[in-house]
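The structure appears below as structure tokens.
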Amino acid sequence: MPPEILDAVARIEAQTFVRAVDWFAEIGSTNDYALSIANDPDIVTPRLIWADRQYAGRGRSGHAWWSAAGALTCSLLVDRQTWSLSPVRWPEVALVTGLAIAEAIAEFVPKQPVQVKWPNDVYLAGRKVCGILMESASADLQHSVIGIGINVGNSFAAAPQELQATATAMCDHAAVPPRPVEVLLRVLECWQTWMVRVFTQRVHLPSAWESRCLLTHRQVRITAGSASIEGVCHGIDTDGALLIETATGTKRCVTGTVRLLSAL
Ligand code: BTN
């Protein structure tokens with residue numbers, strides 16, 4: 001392990017809720033690795049699986065997740081007992097993760113808007129900067145894997161025009177390009193803070209979400225399989241479902257891909 005990583009791992013284990021770290025110079029997918037060890041009874045959690053490079057990164061809906069050098073790619077392997085959570089509350093964890101990452105990113109790029117796009121994306125200056133892939137490791141939802149991909153130092157300045165229009169990296173907006181390890185530490189600290197806020201202190205998730213929501217008051221289309229709903233977004237419900245005002249009343253969406261129909 002390079003000295004810089006050794007130092008980072010020591011800081012993560014000393015300063016955050018993470019009890020063990022697996023670091024890889026290269027791996028297929030940190031989520032795949034986390035899922036492969038999740039049911040080992042000897043495995044210590046909460047655990048961070050962190051890779052410098054992924055060659056088979058996965059995104060939502062079966063898409064590939066491509067990330068160049070300088071990106072942050074990692075997965076958290078967590079046991080819901082650590083936070084005394086019932087399985088029905090896991091969808092909220094995905095939203096809490098987005099809020100926590102948005103807060104961490106905003107600290108490094110204070111002059112730009114950082115927003116969350118339901119259910120699992122973080123946007124910086126109107127373009128996607130982070131994707132989150134949450135997966136269950138077992139049918140009883142005992143362990144979950146939260147995969148996080150953040151464009152930190154992998155600049156999009158020289159990327160094709162069509163990619164630049166939809167995605168961005170933190171280094172393209174910061175006077176001093178942030179180091180992935182510093183971003184990772186803040187992400188972990190903010191995640192812990194938000195988990196406590198929402199699940200212990202009972203902070204109202206819809207209100208917290210509202211302050212960063214990219215979609216509120218915008219015309220959107222949500223597609224889930226062959227079904228789609230179109231209307232104006234009114235934030236989220238207490239269980240994390242997206243609320244859409246349609247011609248036939250308010251609809252709740254618990255899954256799906258959102259497309260913005262009105263310009264940012
Ligand atoms: C998405 O927006 O589609 C979610 C992307 C999630 C990517 C991360 S990178 C680390 C972890 N390992 C993976 O294979 N995927 C997630």
Side-chain angles (χ1 to χ4, degrees), residues 5 8 12 18 21-38 45-78 90-91 93-102 104-105 114-124 126-137 143-154 156 159 163 165-170 180-181 183-188 191 212-215 220 222-225 240 242 255-260:
I5 302 295
I12 289 166
V18 169
V21 180
D22 297 317
W23 180 84
F24 298 89
E26 188 176 78
I27 197 171
S29 153
T30 53
N31 264 39
D32 285 346
Y33 181 80
L35 289 170
S36 75
I37 59 170
T45 63
R47 192 175 197 93
L48 177 76
I49 296 94
W50 174 26
D52 226 25
R53 203 180 88 78
Q54 286 187 138
Y55 52 83
R58 293 188 292 107
R60 294 180 69 226
S61 312
H63 295 300
W65 179 260
W66 175 87
S67 48
L72 173 60
T73 49
C74 63
S75 301
L76 280 170
L77 174 59
V78 291
W90 269 126
V93 175
L95 302 182
V96 166
T97 303
L99 276 180
I101 293 175
I105 290 175
V114 182
Q115 292 165 295
V116 285
K117 178 171 175 266
W118 185 94
N120 282 139
D121 293 338
V122 180
Y123 272 54
L124 167 59
R127 285 168 284 165
K128 181 163 169 170
V129 69
C130 164
I132 299 162
L133 178 64
M134 192 153 161
E135 298 181 293
S136 299
H143 288 97
S144 277
V145 173
I146 306 169
I148 299 167
I150 307 180
N151 300 323
V152 179
N154 48 322
F156 280 68
L163 202 57
T166 56
T168 194
M170 292 173 70
V181 59
V183 175
L184 175 59
L185 270 156
R186 276 310 287 150
V187 162
L188 296 172
W191 192 77
R212 285 211 186 262
C213 182
L214 179 83
L215 305 174
V220 295
I222 295 94
T223 310
L242 194 67
T255 183
T257 303
V258 182
R259 195 169 148 216
L260 258 174

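Indexing begins at 1, ligand by ligand and atom by atom, following the structure's order. Residue numbers start at 1 and run along the sequence shown. The figures that follow rest on heavy atoms only: side chains count, while hydrogens, waters and symmetry mates do not.
- Summarising the geometry, atom CD1 belonging to Ile146 is positioned 11.0 Å from atom CG belonging to Leu48; distances are rounded to the nearest 0.5 Å.
- Protein residues with a heavy atom under 4.0 Å from ligand 1 are Ser29, Thr30, Asn31, Gln54, Gly57, Arg58, Gly59, Arg60, Trp65, Thr73, Cys74, Ser75, Asp121, Lys128, Gly131, Ile132, Leu133, Gly147, Ile148, Gly149.
- Residues Lys117 and Leu215 are in side-chain contact: their nearest non-hydrogen atoms beyond the backbone lie under 4.5 Å apart.
- Each of Val145, Ile148, Val93 was checked for a side-chain contact (heavy atoms from CB on, under 4.5 Å) with Met134, and the lone residue meeting it is Val93.
- No option in Arg212, Lys128, Arg127 other than Lys128 meets the salt bridge (charged side-chain N to carboxylate O under 4.0 Å, His left out) test with Asp121.
- Residue pairs that meet the salt bridge (charged side-chain N to carboxylate O under 4.0 Å, His left out) test with at least one member in residues 61-71, sequence neighbours left out, do not exist here.
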Problem - Verdict with supporting geometry, Trp191 and Thr97, side-chain hydrogen bond (donor to acceptor under 3.5 Å, both in side chains) - result: CA-CA 6 Å; Trp191 192 77; Thr97 303; 2.9 Å; yes

